[in-house]
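We number each residue from 1, following the sequence as shown.
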Amino acid sequence: MKTKHAASLRYLIVVVSLILLFVFAVVWNINTGSVDISLSQIIKIIFGRDDTDISIYNIIWKIRLPRLLTAAVLGGALSLSGFLLQTFFRNPIAGPFVLGITSGAKMFLAVVTIALTGYFQSVPVSLTVVSAFIGSMLSMLLVLAFSGKIRNMSMLLVIGIMISYICSAVTDFLINFAKESEIVNLTYWSMGSFSGAGWDNLKISAAIILPTGVATLLLSKPIAAYRLGEGYAQSLGVNIKLFRLMLILLSSILSACVTAFAGPISFIGIAVPHISRIMLKTEKPQIMIPATFLRGAVFCMLCDLIARTIFAPTELSVEMVTSAIGAPIVIWLIVSRRAKSNG
């Protein structure tokens, strides 16, 4: 009874801490930049719609707020995508970037962008999302095709990495031989950034990601059963083939949406779910899913803040910052996993 109470208290502390961190990250993001904005001004403008100082009002409502909220939604989506893939492969270093899903989305979107440049000034958002999703699914289906022949999940991850390299090579090839007018936006997008985020893109991404997140939460019980083994899950009435398909579809939708709106962003999908497990000390999906999404949102907002301020006025790509922070975490994951298996 005491253990259960202690666990509940830990969950509460972690969730409250995440909410406070989220609020802190929002305020810090709005406050920091070439123009400093006080906390009182932020509260007046956001909650009171005070537009007496039109320049500050526009900075908050047209630039900083949509950008940070976009980073939050997409960061949460990428973390949740990683959680689903780690559940599917039963491996803590599985993620959309490692398995080539992000690279597949990037490659297919590059093909569509270059092919349609003569017909559109800019590729419509709907077509961007659909293209990224198709690319994600093609990469994932290729990995799954090998899964029928290779039962070792570690080797399957290696194949996913190789597919990622192939997709990246194809994308670079297309960019090298495309016209400059065709690749200006594509080259900037491929670096990974939230700088072009606006309310329209935020609404579309939220309309895709939030229902997908709810659908993931509704799969909590089957996920919990699946983590205990396929045989156990089947004994509880879980249709394994349909369930595995749902995991892949939901993960691909989430990662494709992130890639479409912000470009390829690595390591968040691997690092954040594992950090959540360490802090919560549980694998319960009904706790892990919302906590992972919220932690991914905070992590991505802080990475974006670093990207745009550390060398201001020069802005780094978010991909650069997430790689610098996430890569050491992934190395630690691999080393600690190896040490446990040897022990």
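- Scanning for side chain to side chain contact (heavy atoms under 4.5 Å, CB included) contacts around Leu202 gives Leu69, Thr70, Val73, Trp199, Ser205, with sequence neighbours left out.
- The CD1 atom of Ile101 sits 4.5 Å away from the OG atom of Ser252 when rounded to the nearest 0.5 Å.
- With Tyr226 as the aromatic partner, Arg90 meets the cation-pi criteria of under 6.0 angstrom to the ring centre and within 45 degrees of the ring axis.
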Decide side-chain contact (heavy atoms from CB on, under 4.5 Å) for Ile30 and Leu68; before the verdict, give the C-alpha distance in whole Å, the side-chain angles of both, and the deciding distance to 0.1 Å. CA-CA 8 Å; Ile30 294 175; Leu68 73 90; 3.4 Å; yes

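- One N or O on the side chain of Trp61 and one on the backbone of Ile45 form a donor-acceptor pair closer than 3.5 Å.
- Judged as a side chain to side chain contact (heavy atoms under 4.5 Å, CB included), and not counting sequence neighbours, Lys203 has no contacts.
- Each of Leu9 and Met279 belongs to its own hydrophobic cluster when Ile, Leu, Val, Met, Phe, Trp and Tyr are linked at side-chain heavy-atom distances under 4.5 angstrom.
- Interatomic distance, Leu142 CG to Ile166 CD1, rounded to the nearest 0.5 Å: 7.5 Å.
- Looking at heavy atoms from C-beta onward, Arg277 lies out of side-chain contact with Thr292 at the 4.5 angstrom threshold.
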Mind listing the side-chain donor-acceptor pairs of residues 207-225 below 3.5 Å, one per line with the distance, residues two or more places apart or on another chain?
{"from": "Thr212", "atom 1": "OG1", "to": "Ile208", "atom 2": "O", "distance (Å)": "2.6"}
{"from": "Thr216", "atom 1": "OG1", "to": "Thr212", "atom 2": "O", "distance (Å)": "2.9"}
{"from": "Ser220", "atom 1": "OG", "to": "Leu217", "atom 2": "O", "distance (Å)": "2.6"}

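- For the atom pair Leu316 CG and Phe311 CZ, the distance stands at 6.0 Å (nearest 0.5 Å).
- Closest non-hydrogen pair, Leu280 versus Arg10, comes out as O-NE, 3.1 Å.
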Starting from the C-alpha separation in whole Å, work towards a yes-or-no answer on salt bridge (Lys or Arg N to Asp or Glu O under 4.0 Å) for Arg227 and Glu283. CA-CA 9 Å; Arg227 294 189 73 88; Glu283 295 282 353; 2.8 Å; yes

Going through the distances and angles, do Ile42 and Phe47 end up as a side-chain contact (heavy atoms from CB on, under 4.5 Å)? CA-CA 8 Å; Ile42 293 170; Phe47 296 104; over 6 Å; no

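- Screening Ser164, Ser136, Ser139 against Ser103 for a side-chain hydrogen bond (donor to acceptor under 3.5 Å, both in side chains) leaves a single residue, Ser164.
- The line from OG of Ser81 to CG of Leu247 is 10.5 Å long, rounded to the nearest 0.5 Å.
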Donor-acceptor pairs are to be reported for all side-chain atoms of residues 323-331 against protein atoms at under 3.5 Å, with residues two or more places apart or in another chain.
{"from": "Ser323", "atom 1": "OG", "to": "Ser266", "atom 2": "OG", "distance (Å)": "3.0"}
{"from": "Ser323", "atom 1": "OG", "to": "Glu319", "atom 2": "O", "distance (Å)": "2.7"}
{"from": "Ser323", "atom 1": "OG", "to": "Glu319", "atom 2": "OE2", "distance (Å)": "3.3"}

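- Not a single side chain to side chain donor-acceptor pair (under 3.5 Å) links Thr309 to another residue, sequence neighbours left out.
- Atoms OG and CE, from Ser251 and Met137 in turn, are 9.5 Å apart once rounded to the nearest 0.5 Å.
- For the pair Ile248/Leu141, no side-chain contact is recorded, criterion being any heavy-atom separation below 4.5 Å from C-beta on.
- The nearest pair of heavy atoms linking Cys300 to Gly75 is CB-CA, 3.6 Å.
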Taking it one step at a time, do Leu74 and Phe194 satisfy side-chain contact (heavy atoms from CB on, under 4.5 Å)? CA-CA 10 Å; Leu74 298 185; Phe194 299 110; 3.7 Å; yes

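- The heavy-atom pair separating Gln86 from Pro273 by the smallest distance is OE1-CB, 3.5 Å.
- The shortest distance between side-chain heavy atoms of Arg67 and Asn29 does not fall below 4.5 Å.
- Remark: the backbone N or O of Val26 is not paired with any side-chain donor or acceptor of Arg64 at under 3.5 angstrom.
- When every heavy atom of Ala260 is checked against every heavy atom of Ala132, the shortest pair comes out as CB-CB, 3.9 Å.
- Taken together through direct or relayed side-chain contacts under 4.5 Å among Ile, Leu, Val, Met, Phe, Trp and Tyr, Tyr11 and Leu20 form parts of separate hydrophobic clusters.
- Put simply, the side chain of Leu254 does not reach to within 4.5 Å of the side chain of Leu78, judged on heavy atoms.
- Checked against side chain to side chain donor-acceptor pair (under 3.5 Å), Glu230 has the following partners two or more places apart in sequence or in another chain: Arg244.
- Note on Phe88: it does not cluster hydrophobically with Leu228, by side-chain heavy-atom contacts below 4.5 Å among ILVMFWY residues.
- You'll find the side chain of Leu245 stays beyond 4.5 Å of the side chain of Lys241, heavy atoms only.
- Here the straight-line distance linking atom CD1 of Ile268 with atom CZ of Phe299 works out to 5.5 Å at 0.5 Å rounding.
- Both Val272 and Ile19 are part of a single hydrophobic cluster, where members link through side-chain heavy atoms under 4.5 Å apart.
- Of all heavy-atom pairs between Phe108 and Ser131, the closest is CD2-O, 3.2 Å.
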Pair Tyr232-Val238, side-chain contact (heavy atoms from CB on, under 4.5 Å): steps then yes or no: CA-CA 9 Å; Tyr232 179 75; Val238 177; over 6 Å; no

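- Side-chain heavy atoms closer than 4.5 Å link hydrophobic residues (I, L, V, M, F, W, Y) into clusters, and following such links, possibly through other members, connects Leu39 to Leu65.
- Phe267 approaches Thr322 most closely through the heavy-atom pair CB-O, 3.9 Å.
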